[in-house]
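We name chains A, B, ... by the order of the sequence lines, and we start the count at 1 in each one.
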Protein chains: 2
Amino acid sequence: MIKPLFWDNNQLYIVDQTLLPIEYKRIEIKSHLDMANAIKRLAIRGAPALGIAAAAGLVLGLKPFIDSGSRLFFEKLDEISTLLNSTRPTAINLSWALKRMKSVAESMNHKPVPDIWNKIYQEALTIHQEDIEMCQVIGRHGQSIIPEKANILTHCNTGGLATGGLGTALGVIITAHQLGKDIHVYVDETRPLLQGARLTAWELSEEKVPYTLICDNMAAYIMATRKIDAVIVGADRIAANGDAANKIGTYGLAILADYHEVPFYVVAPSSTIDPSVSSGKEIVIEERSGLEVREIFGVKIAPEDCPAISPAFDVTPNGLITGIITEKVVFRTPYNFL
Amino acid sequence: MIKPLFWDNNQLYIVDQTLLPIEYKRIEIKSHLDMANAIKRLAIRGAPALGIAAAAGLVLGLKPFIDSGSRLFFEKLDEISTLLNSTRPTAINLSWALKRMKSVAESMNHKPVPDIWNKIYQEALTIHQEDIEMCQVIGRHGQSIIPEKANILTHCNTGGLATGGLGTALGVIITAHQLGKDIHVYVDETRPLLQGARLTAWELSEEKVPYTLICDNMAAYIMATRKIDAVIVGADRIAANGDAANKIGTYGLAILADYHEVPFYVVAPSSTIDPSVSSGKEIVIEERSGLEVREIFGVKIAPEDCPAISPAFDVTPNGLITGIITEKVVFRTPYNFL
C-alpha cells in the first residue's frame with residue numbers, strides 16, 4: 001500500500017500524485033507554503049489525506065516559532081491555518097483537522113511553546129494513525145453492502161493515495177477482494193485530472209484486483225449492458241441532510257445508478273459529515289482552471305484559448321444515495337446528521 | 001465551413017481529422033484501401049460523411065476496372081463494397097450509400113463499363129451534393145425546437161466535419177446563431193477521441209458561436225446549475241421504433257436530460273433510419289481498442305497494459321428522445337418507421 005505522505009527522520013515527504021503512474025517521485029515538504037502549493041496543484045489530494053496534510057503543514061509552519069512567545073505562536077497558528085484552509089474550499093477535512101490541531105494547542109496554552117509544538121506534532125501523527133485505523137474499520141464495515149460476487153463501479157480515487165490507510169470507497173472494494181470475494185471493478189477515468197485512470201487503476205493493479213478502465217461517459221452503457229451490483233464513491237463533504245459533495249461526475253453517476261436501479265453508496269469517515277451545512281446547496285464548489293479541460297498532461301486537446309470550465313465537485317442529493325458508510329455505521333435514508 | 005472530403009482535379013482528398021485542431025492536413029486518397037484505412041482510423045468520421053466517403057471510395061476502387069468486362073466490374077463492385085462496409089459496423093450510412101451506388105450501377109448493366117463507372121462517379125458526387133442540401137434543410141427545419149435565446153448542450157461532432165454540409169445537430173445550432181438567435185453551446189469533450197473538444201469546439205470557434213467546453217462528466221452539474229434548454233445530438237443508426245445509436249455517452253446524457261426535464265433531440269438525415277432493425281437491441285455496437293482509453297494523443301494516462309474497453313456507441317431508447325429531426329419532419333414519440 002502506497003502512502004501519499006510520510007515522515008522520515010522528522011522530515012516530511014509526499015508522493016507527487018500529478019506524475020503517477022508514469023513516474024513515482026517523492027518530494028520533501030519543508031514548510032507550510034510548500035504544503036499549500038502541493039495541495040493547490042493536487043500533488044496531494046483526496047479528502048482524508050488533505051486533513052492529514054493540513055495538520056502536517058501546520059506543524060512545519062510553526063516549527064520556526066518554537067522559541068517565540070506564546071502570543072506570536074498562536075497568532076502564527078491562526079495565520080497558517082487560514083492559509084492552509086484556503087487552498088481548497090470543498091473538502092471539509094482541511095478545516096476539520098486544523099480545528100482539531102488548534103483545540104489541542106489551546107488546551108496547552110499555559111505550557112511552554114516547545115511543548116505545545118511537540119504536542120501538535122504528535123496530534124498530526126495521531127490524525128494520520130487514526131485515519132489508517134478508520135480505513136480498516138470502514139473496509140470491514142462496508143462488507144455488508146458487497147455481495148460475494150460483485151461488479152462494482154467507482155469514480156475518482158478513494159484508495160491509499162487519498163487517505164492515510166487503505167482508502168474509503170476503494171478500501172471497501174480492496175478489502176472485499178482480500179476477503180476472497182469475486183470482485184470486478186469498473187473504474188471511471190475521472191476527467192479532467194484522470195485520478196481514476198492514473199491512481200485507482202494503478203492501486204487496483206498493485207492489489208491485483210480485477211478491473212476495467214472506462215471513460216466517464218461509458219458508465220450508462222456499462223450499467224445497461226452488464227449487471228452492476230453497486231456504485232461506490234467517496235465524499236469531500238456531507239451536509240446534515242445527507243447531500244454529498246464529491247468529485248465532479250458523481251452526481252451524474254448517481255442519476256444513472258438510480259435509472260438502472262443500481263444501489264449507490266457513499267463511503268467516508270464520519271469527520272466528512274458537516275452538520276453546520278444544512279444541505280448541499282450551501283457547499284462551496286471549487287472552480288478550477290479551464291486549462292485542466294483544454295490540456296491533458298500538457299497536450300492541447302482543444303483550440304487555443306477555447307472557453308472551458310472546471311468545477312471540481314458536484315453535489316449528489318440525499319434521495320439518490322442508497323447508504324452512507326462511515327467507520328461507525330451504515331446510514332440509510334432519510335439522513336439526519338444534525 | 002470546412003469540408004471533410006473534396007475532389008480536386010478528379011483527385012480525392014480528405015482532411016485528417018485525427019490531427020485537428022492542432023494540425024490541418026489534407027491527405028490524398030488514391031484507392032478504396034486508402035479510404036478503408038482512413039475510415040477505420042477515424043481520419044474521416046461522422047455518419048453522413050461516412051456515406052459520402054464510402055461512395056467515393058467505391059469510385060476509386062473501381063477505376064482500375066474501367067476497361068474490364070462487365071462481369072469482373074460487378075464482381076469488384078461487390079468485393080469493394082463489402083470491404084468498405086466492414087470498416088465500421090454501427091453507422092448505417094456506409095451500407096446505405098453503397099447500396100445506392102450498386103443500384104445505380106445495376107440500372108446501367110447493359111451499358112459499356114466506362115459509362116457505368118462515370119455514372120457511379122456522378123452518383124457519388126450527387127450523394128455529396130444531396131448531403132449539403134439536406135444539411136441546409138435540416139438546419140432550417142430544426143429551428144422549431146430552438147428558442148430565440150437558448151443554452152444548448154451537445155455531444156461529439158455533428159458539424160461540417162461529420163457531413164457534406166453544415167452538419168446535422170451542430171448544423172441546427174449554427175443555423176440558429178446565423179439567424180440571430182442568442183445561442184450558447186455547452187460542448188461535451190467526448191472521450192475517448194475528443195471529437196467535441198477537437199472538432200466541435202473548433203467549428204464553433206470558426207463560426208463565432210459562443211460556447212463552453214466541458215468534460216463529459218460535467219453535464220449533470222451543468223443541467224442542475226444552468227438553465228439548459230435542449231440537448232441536441234446526432235445519430236449513426238435509428239431503429240424502426242426510434243431507438244437511436246450514437247456516440248458513446250449519448251445514452252447517459254439522455255437519462256440526465258430526462259432527470260432534469262430538459263428536452264432531448266436527435267438530428268439526422270432520414271437515411272439514418274433503418275426500418276430493417278426493429279429496435280436498438282439489434283444494432284451492432286462497434287468495440288474499439290482499449291488503447292483509445294489508455295492513451296490520449298499517444299500520452300499514457302493509465303498503467304501500462306491496464307485493462308480498458310472502448311465501445312464506440314450506445315443506444316438511447318425511444319422513450320428518452322423528445323423528437324427526431326430529419327430533413328423531412330420533426331418526428332415525435334411514439335416513433336414508427338416501419
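Using a 4.5 Å cut-off between heavy atoms, B/S310 contacts chain A through both its backbone and its side chain. Heavy atoms closer than 4.5 Å to chain B are found nowhere in A/T250, neither backbone nor side chain. With a 4.5 Å cut-off on non-hydrogen atoms, A/T212 touches chain B through its backbone and its side chain both. For a residue to count as touching a neighbouring chain, one of its non-hydrogen atoms must lie under 4.5 Å from one of that chain's; by this rule B/I285 touches chain A with the side chain only. Neither the backbone nor the side chain of B/L253 comes within contact range of chain A, judged by heavy atoms closer than 4.5 Å. Residue contact with chain B, scored on non-hydrogen atoms closer than 4.5 Å, involves the backbone and the side chain of A/V293 alike. Heavy-atom distances place the side chain of B/F297, and not its backbone, under 4.5 Å from chain A.
Options A/I255, A/L199, A/D216, A/D258 differ in how many heavy-atom pairs under 4.5 Å they form with chain B, and the most are formed by A/I255. Of the listed residues A/G249, A/A224, A/A219, the one with more heavy-atom pairs under 4.5 angstrom with chain B than any other is A/G249. Taking B/K247, B/M223, B/R198 one by one and counting their heavy-atom pairs under 4.5 Å with chain A, the maximum is reached by B/R198. For the options A/S205, A/A308, A/G252, heavy-atom pairs under 4.5 Å to chain B are most numerous at A/A308. The candidate with the highest count of non-hydrogen atom pairs below 4.5 Å against chain A, out of B/E304, B/K300, B/H155, B/E189, is B/E189. In terms of heavy-atom pairs under 4.5 angstrom with chain B, the leader among A/A302, A/P307, A/P192, A/A220 is A/P307. The residue among B/P311, B/A201, B/G290 with the most heavy atom pairs within less than 4.5 Å of chain A is B/P311. For the options A/I248, A/L204, A/D314, heavy-atom pairs under 4.5 Å to chain B are most numerous at A/I248.
In this structure the side chain of A/E206 never reaches within 4.5 angstrom of the side chain of B/P303, judged on heavy atoms. When side chains are defined from C-beta on, B/C306 does not count as touching A/W202, because their heavy atoms never get closer than 4.5 Å. For the pair B/I309 and A/I222, the minimum side-chain heavy-atom distance is below 4.5 Å. Contact annotation: the side chain of B/D188 never approaches that of A/N217 to less than 4.5 Å [non-hydrogen atoms, C-beta and beyond]. Between B/C215 and A/E292, the closest side-chain pair of non-hydrogen atoms is not below 4.5 Å. The shortest distance between side-chain heavy atoms of B/Y259 and A/L320 falls below 4.5 Å. Side-chain contact between B/I301 and A/I296 is present, with at least one heavy-atom pair separated by less than 4.5 Å.
Contact annotation for residues 237-244 of chain B against chain A (heavy-atom separation below 4.5 Å): no residues qualify. Near-neighbour residues of residues 14-23 of chain B relative to chain A, defined by a heavy atom under 4.5 Å from a heavy atom of that chain, comprise B/P21, B/I22.
In this structure, B/R191 CZ and A/R191 CZ are separated by 7.5 Å, a value rounded to the nearest 0.5 Å.
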